[in-house]
Amino acid sequence: MLEIENLEVSYGSIKALHGVSLKVPQGSIVTLIGANGAGKSTTLRAISGLIKSRSGKVKYDGEDITNLPAHKIVAKGLCHVPEGRMVFANLTVEENLRMGAYLRNDKAGVAEDLEFSFQMFPRLKERIYQAAGTMSGGEQQMLAIARAIMSKPRCLMLDEPSLGIAPMLVRSIFEQIVAINKERGITILLVEQNANLALAISKHGYVLETGNVLLEDTSEALRKNPQVREAYLGG
Amino acid sequence: MKQYQSQLALIIALAVSLGVSLCSSSIDDYYLDIMLNVGINVLLAVSLNLVNGHTGQFSLGHAAFMAVGAYGSSIVTLEMGAAMIHVFGGHGWFAEGLTFLIALSIGGLCAAICGWMVGVPSLRLRGDYLAIVTLGFNEIIRVVLQNTSGDGPFGGALGLKGIEPYTNFFWVFATAAIAIYTISALVNSTYGRGFLAVRDDEIAGESMGVNTVRYKVIAFVTGSFFAGLAGGLYAHLRTTISPEGFNFLKSVDVVVMVILGGMGSTVGVILAAVVLTVLNEFLRDFEQYRMIVFSLLLIVMMIVRPQGLLPATVFQRRKQA
């Protein structure tokens, strides 16, 4: 569904990605793990058009979407939940969710998905009229994910959904990520520092190091790989 | 009925301004002048609020767009006014009104085009950088106008004089009402949520499918258009304009109104424009200390009430209940 070939990205004169290639098959969950500065977030940002890549190709559903403007990529059904949550702090929860459906015209479908979001994260319904900026980190992350679902994506890219969130909430958020994948059939590309958890819910994984793909394998095999255990899973 | 509420309010506002205008001869000239100043400042503040408040950009060049509108419309009435009135059937309220309407629109359009030319390249910049570019544009307009030939259409450093005093109560408040209506309708629509998205978080907006650059340009061009109208009204009220009248301090005046009223709150900004304009009259005897008082007022506001007089949130949570 999503194919990246030899993606190269530079920030000024510093190269952040030295030709990253990866494949996300339809209906799967694929994980991208790696240390800080490995280029995980950069990869997602380049795919979703938030930054321009220098060379390489991004193909979505067989269509070349390399360096299209971000809003056009969202319109194609590829939605990115950026790192650090990034909710619209001054808008209410409901307004945030409706903002997610910004590109949609089907009122009935939007209402249905709003209901689905509240089923998925009942906490959001309790806080429907609260300004998003006043919620806890975990709640904001739920909102960011639900908001992305509101855009009715076929493929979702999540950047560090566990970052800075209470462990209790991390578990429930990951359960919902699996549910989104299973029940709605949304393909997911997940970037995580918490490699253990990410590899547990995904089929396939890539290990990124300083802008290169170091390893790729099934998540099962990666979890057993001594190199990965040493570096990312705490021995 | 509810959906027509704002249209109804607009029509009432237009009717009232026409009514007051018809009996404006019975109002004391001094007070009438203050009221017209209030109206023009409301127009400026509301239009800047779309850029600085709702869309969260920081423009410091509103006076430049006002200048473009003032010069544009004045040149039309000075150079072609007599001919146009003749074509429209000779002197009378209809011909003069139509001439003024055309002149104002041309002034506004010139300002909007300038807004577009400045906005498209510079709105890729954020925060302070945009402030510097718009500040620079403000100075460029002023300096260019100042250095034009004294005999040319722009009048050089002395500016233009002998502009017809077309501006009256109706024109000022009708324009202000239309601006308030247009900008509120724009911001409160589904489409308008894009402005708020740009203000709150550009990256999140982009990743939700909002074309942030386009929204910023629309806000900037719309804001410039209304600033241009304000300039045209100002020129035809004062009957003389000079480049000095549109300096950096004029832009700061408008920014102060927006900040004091509460960024993004239309009601707050209108209130601030009224209060500051009237305050200005009271401070006329202390002319040279005016800016000191303004600065102190701003500092006190920032400490005591940083969200402004009437912050936007008060009105935004309307759907709650």
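If you're wondering where the values come from, they're calculated on a predicted model, not measured in any experiment. Sequence lines set the chain letters: A, B, ... in the order given, protein chains first and strands last, and positions in each chain run from 1.
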*Asks:* Considering residues at least two apart in sequence or located in another chain, which fulfil the side chain to side chain contact (heavy atoms under 4.5 Å, CB included) criterion with A:D106?
*Replies:* A:R104, A:V110
*Asks:* Checking an interface table here. Which of residues 63-72 of chain A come within a heavy-atom distance under 4.5 Å of chain B?
*Replies:* A:A70, A:H71
*Asks:* Around atom CD of A:E112, are there more than 12 heavy atoms from other residues, nucleotides or ligands closer than 6.0 Å?
*Replies:* no
*Asks:* Tell me, please, which residues at least two apart from A:M1 pass side chain to side chain contact (heavy atoms under 4.5 Å, CB included).
*Replies:* A:Q26, A:Y60, A:D61, A:R154, A:C155, A:T187
*Asks:* With sequence neighbours left out, write down each residue that passes side chain to side chain contact (heavy atoms under 4.5 Å, CB included) with A:V74, or none if nothing qualifies.
*Replies:* A:L103
*Asks:* Restricting to non-hydrogen atoms, name the atom on B:S207 and the atom on A:C79 that form the minimum distance, rounded to 0.1 Å.
*Replies:* O-SG, 3.8 Å
*Asks:* Would you indicate whether the side-chain heavy atoms of A:L91 and B:L196 approach each other to under 4.5 Å?
*Replies:* yes
*Asks:* When you measure from the side chain of B:D201 to the backbone of A:F88, do you find a donor-acceptor pair of N or O atoms at a distance under 3.5 Å?
*Replies:* no
*Asks:* Is any side-chain heavy atom of B:V210 closer than 4.5 Å to one of A:M99?
*Replies:* yes
*Asks:* Which distance, rounded to the nearest 0.5 Å, do you find between the CZ of A:R98 and the CE of B:M208?
*Replies:* 14.5 Å
*Asks:* Could you grab the distance from atom CZ of A:R45 to atom CD of B:E206, nearest 0.5 Å is fine?
*Replies:* 10.5 Å
